[in-house]
*Asks:* 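My questions will all concern the structure given below.
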Amino acid sequence: MNKVRGTIVDKISNSPIYEAVILLNNVKLPSNDIAQLSNKKGIFKWVNLEVGEYTIQIIAESYKSEILNFRCEMNSEINLEILLESKI
């Protein structure tokens, strides 16, 4: 089972960012974005991803957006720590 899991935190304080919007996109299917919000601990997770190239975009109020690329392999488990920088 292919999984991607991540934590979104403030770059300076290292505190979790709640309700950040995370958009997941399979590069081969660019019109099929899947979205979710980070939980109170800044965590998000997707399971049963197809093998392939993906882009994740993170959008949170008062923070600069972040875009990451990764490759999902067969039976892979990817863990991401995403540091967001404040706009202020």
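These numbers come from the heavy atoms of this one structure, side chains and all, not from hydrogens, waters or symmetry mates.
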*Asks:* Could you give the distance from OH (Y18) to CG (N39), rounded to the nearest 0.5 Å?
*Replies:*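 CG of N39 is found 8.5 Å from OH of Y18.
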*Asks:* Decide yes or no for V51 and R71: does some side-chain heavy atom of the first lie under 4.5 Å from some side-chain heavy atom of the second?
*Replies:*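 In contact.
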*Asks:* For the pair Q36 (side chain) and I22 (backbone), establish whether a donor and an acceptor sit closer than 3.5 Å, ignoring hydrogens and angles.
*Replies:*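 No; zero donor-acceptor contacts below 3.5 Å.
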*Asks:* What is the distance from atom OH of Y63 to atom CD1 of I88, rounded to the nearest 0.5 Å?
*Replies:*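 Taking OH in Y63 and CD1 in I88, the distance rounds to 9.0 Å.
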*Asks:* What pair of heavy atoms forms the shortest contact from I67 to Q57, and how long is it?
*Replies:*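 Residues I67 and Q57, closest heavy atoms: CG1-CG, 3.9 Å.
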*Asks:* Rounded to the nearest 0.5 Å, what separates atom CD in E50 from atom SG in C72?
*Replies:*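 Here the interatomic distance stands at 9.5 Å.
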*Asks:* Are I59 and I82 connected, step by step, through hydrophobic side chains (Ile, Leu, Val, Met, Phe, Trp, Tyr) whose heavy atoms are closer than 4.5 Å?
*Replies:*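 No, it is not one cluster - the side chains of I59 and I82 are not joined through contacts under 4.5 Å.
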*Asks:* What verdict does the side-chain contact (heavy atoms from CB on, under 4.5 Å) test give for I56 and F44, after you've listed the backbone C-alpha separation in whole Å, the side-chain angles of each residue and the deciding distance to 0.1 Å?
*Replies:* CA-CA 11 Å; I56 289 181; F44 64 91; 4.1 Å; yes
*Asks:* Is there a side-chain contact between K41 and T7 (heavy atoms, below 4.5 Å)?
*Replies:*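 No. Closest side-chain heavy atoms not under 4.5 Å.
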*Asks:* Nearest heavy-atom pair of G42 and P16: which atoms, and what distance?
*Replies:*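 Shortest heavy-atom separation between G42 and P16 comes out as N-CB, 3.7 Å.
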*Asks:* Do you reckon I58 sits in the same ILVMFWY cluster as V21, going by side-chain contacts under 4.5 Å, direct or chained?
*Replies:*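 I58 does not cluster with V21.
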*Asks:* Is there a path of hydrophobic side-chain contacts, each under 4.5 Å between heavy atoms, that joins I78 and W46?
*Replies:*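 They do share one cluster, since a chain of ILVMFWY contacts under 4.5 Å joins I78 to W46.
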*Asks:* Near E73 CD, under 6.0 Å, is it more than 12 heavy atoms from other residues, nucleotides or ligands?
*Replies:*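 Atom CD in E73 is packed in, count exceeds 12.
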*Asks:* When hydrophobic residues are tied together by side-chain contacts of less than 4.5 Å, even through go-betweens, does L84 share a cluster with V4?
*Replies:*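 They do share one cluster, since a chain of ILVMFWY contacts under 4.5 Å joins L84 to V4.
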*Asks:* Within the side chain of N2, is there an N or O that forms a donor-acceptor pair under 3.5 Å with the backbone of N48?
*Replies:*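 Between the backbone of N48 and the side chain of N2 there is no qualifying donor-acceptor contact (under 3.5 Å).
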*Asks:* Heavy atoms, side chains only, cut-off 4.5 Å: are E81 and N14 in contact?
*Replies:*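 E81 reaches N14 side chain to side chain.
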*Asks:* Measure the CZ-CD distance between R5 and E77 for me, rounded to the nearest 0.5 Å.
*Replies:*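 Rounded to the nearest 0.5 Å, the CZ-CD separation comes to 9.0 Å.
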*Asks:* What about F70 and I8, same hydrophobic cluster or not, with Ile/Leu/Val/Met/Phe/Trp/Tyr joined at side-chain heavy-atom distances under 4.5 Å?
*Replies:*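 Yes; tracing contacts between hydrophobic side chains, which count when under 4.5 Å, links both residues.
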*Asks:* Between K64 and E66, does any NZ, NE, NH1 or NH2 come within less than 4.0 Å of an OD or OE carboxylate oxygen?
*Replies:*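 Looking at E66 and K64, the cut-off is not met.
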*Asks:* Out of N26, T55, N25, which one pairs with D33 under the side-chain hydrogen bond (donor to acceptor under 3.5 Å, both in side chains) rule?
*Replies:*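 Per the side-chain hydrogen bond (donor to acceptor under 3.5 Å, both in side chains) rule, the option paired with D33 is N25, out of N26, T55, N25.
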*Asks:* When you measure from the side chain of S38 to the backbone of E19, do you find a donor-acceptor pair of N or O atoms at a distance under 3.5 Å?
*Replies:*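 Judged by distance alone, yes, a pair lies under 3.5 Å.
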